[in-house]
Number of protein chains: 2
Amino acid sequence: MFSKTCKYGLRAVLYLASQAQEDHKLGVKQVAAALEVPQPFLAKLLQQLARVQIISSAKGPNGGFYLSDKNLVANLRQVVECLDGPDVFSSCILGLPSCSSANPCPLHQQAVAYRNSLLDVMERQTIREVAQRIGAPEYAQSPLSLLIKKDNQP
Amino acid sequence: MFSKTCKYGLRAVLYLASQAQEDHKLGVKQVAAALEVPQPFLAKLLQQLARVQIISSAKGPNGGFYLSDKNLVANLRQVVECLDGPDVFSSCILGLPSCSSANPCPLHQQAVAYRNSLLDVMERQTIREVAQRIGAPEYAQSPLSLLIKKDNQP
DNA sequence: AGAATAAAAGACTTTTTTATCTTTTTTTTA
DNA sequence: TAAAAAAAAGATAAAAAAGTCTTTTATTCT
């Protein structure tokens, strides 16, 4: 589905959204440890996201990454498009470059429904909304929460 | 989404379903030329599909690949699972190994809807049904048809 | 039986993705 | 103002995916 880069990125963004603030930034090291993701790889990817201002960053002591209020009301589609390229949500399921609604492949019609579902997942809710669920009771045992707990309760 | 291998495989299967029969098998060379796909790469992939009997093949003169009646009533999900592995339709959208309905990631609930749409595309219709659409009027200009025409009208 | 045809199988190469390492720049604070 | 902290940037390495080439095996037809 998505590349590893993209999955790491989504997890990191959600982690930052739920754990960091402007006055409590998190370094790559901490995020990488919490999510069990290769640290230098994560660093590069967070820099990509920071460059286009999907997340925020600051250098120096007490520096690190976080999401500003503006960042929090954006959605996950942008994260995906930044890391996996802009075509993930529009390219033909059979990989045909000339496929379009005017010139459909035999799966085109049905693929539209699937694509809308995916867009729905990534676009309908803000990053803040998704991140808030991490702490909710029904998610208490969820993988992301577990990672967070591992980090907070040594 | 799917790997290139898988896209090539889906296109080849649909092409074979619409163009080949038991008494008119098609060689790798012909399929590769029609679909504009690297020939030796396609060969390996068709062999994978033939090994698990998703498609049929015969060696020797007048040999080649085709779909038997039994092959034609199967669906495209099997093609995908053969070429991209069995987890494409079930793995977590964030790549979390421990994610499940009992232990959901914050996107799990919504991801179920998207996954069902995808399964619907790949599973609800038989290969024959999908392949038949290639020749239908509303698909006359579709990419796969164009490729077929290119091959049949030199 | 022998020649030709085409898939099957396996080894190999290239490209892309994933991952790592090193140096530089910026910022903070003592 | 110097030291430390952390992101930014860039070069390098390993692994996986994509693509190619060569040899073997099975089948058909003359």
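Labels below follow one simple rule: chain letters A, B, ... track the order of the sequence lines, proteins then strands, and each chain is numbered from 1. Because the structure is predicted, anything quoted here is derived from the model rather than measured.
No path of Ile, Leu, Val, Met, Phe, Trp and Tyr side chains, each step under 4.5 Å between heavy atoms, connects A/Leu94 with A/Val112, placing them in separate hydrophobic clusters.
Each of B/Val31, B/Val28, B/Leu42, B/Leu49 was scored for a side chain to side chain contact (heavy atoms under 4.5 Å, CB included) with B/Phe65, with one residue passing: B/Val28.
Counting only N and O atoms by type, the side chains of A/Ser117 and A/Asp120 include no donor and acceptor under 3.5 Å apart. For A/Gln110 and B/Gln125, the side-chain atoms include at least one donor-acceptor pair closer than 3.5 Å.
The NZ-P distance, from B/Lys25 to D/dA26, rounds to 17 Å in whole Å. One atom, CZ of A/Phe65, and another, C1' of C/dT26, lie 13 Å apart when rounded to the nearest Å. Protein atom CG of B/Asp84 is 11 Å distant from nucleotide atom C1' of D/dA17, rounded to whole Å. Summarising the geometry, the separation between CG on A/Leu49 and P on D/dA9 is reported as 13 Å, rounded to the nearest angstrom. Counting to the nearest Å, the C1' atom of D/dA6 and the CD1 atom of A/Ile55 are 14 Å from each other. The CD atom of A/Gln48 sits 14 Å away from the P atom of C/dA19 (whole-angstrom rounding).
Regarding contacts with the backbone of D/dG19, a side-chain N or O of B/Tyr8 is found under 4.0 angstrom from either OP1 or OP2. For A/Asn62, a side-chain nitrogen or oxygen approaches OP1 or OP2 of C/dT29 to under 4.0 Å. The phosphate of D/dG10 (OP1 or OP2) has no side-chain N or O of A/Lys44 nearer than 4.0 angstrom. The phosphate of C/dA6 has neither OP1 nor OP2 within less than 4.0 Å of any side-chain N or O from B/Ser57. Side-chain N/O atoms of A/Thr5 include one lying less than 4.0 angstrom from OP1 or OP2 on C/dT18.
Proximity note for B/Gln47 (side chain, C-beta onward) versus C/dA7, C/dA4, C/dT18: the nearest is C/dA7. For A/Pro38, whose side chain is taken as the heavy atoms from C-beta onward, the closest listed nucleotide among D/dA8, C/dT20, D/dT28 is C/dT20. Nearest nucleotide to the B/Arg51 side chain, out of D/dA26, C/dT18, C/dA9: C/dA9. Ranking D/dA26, C/dT18, C/dT20 by closeness to the B/Lys59 side chain, first place goes to D/dA26.
If you check every strand for non-hydrogen atoms under 4.0 Å, A/Ala58 touches sugar and phosphate atoms only. Residue contacts for B/Leu26: at a heavy-atom cut-off of 4.0 Å it reaches the sugar-phosphate backbone alone, with no base atom in range. No contact: A/Leu83 has no heavy atom under 4.0 Å from any strand.
With A/Phe2 as the aromatic partner, A/Lys7 does not meet the cation-pi criteria of under 6.0 angstrom to the ring centre and within 45 degrees of the ring axis.
D/dA2 and C/dT29 make up a base pair, with Watson-Crick or G-U wobble contacts both under 3.5 Å.
When each of A/Gly60 and A/Pro40 is assigned the nucleotide of DNA chain D with its nearest heavy atom, A/Gly60 is the one assigned upstream, toward the 5' end. For the pair B/Phe41 and A/Val28, nearest-nucleotide mapping onto DNA chain D gives the more 5' position to A/Val28.
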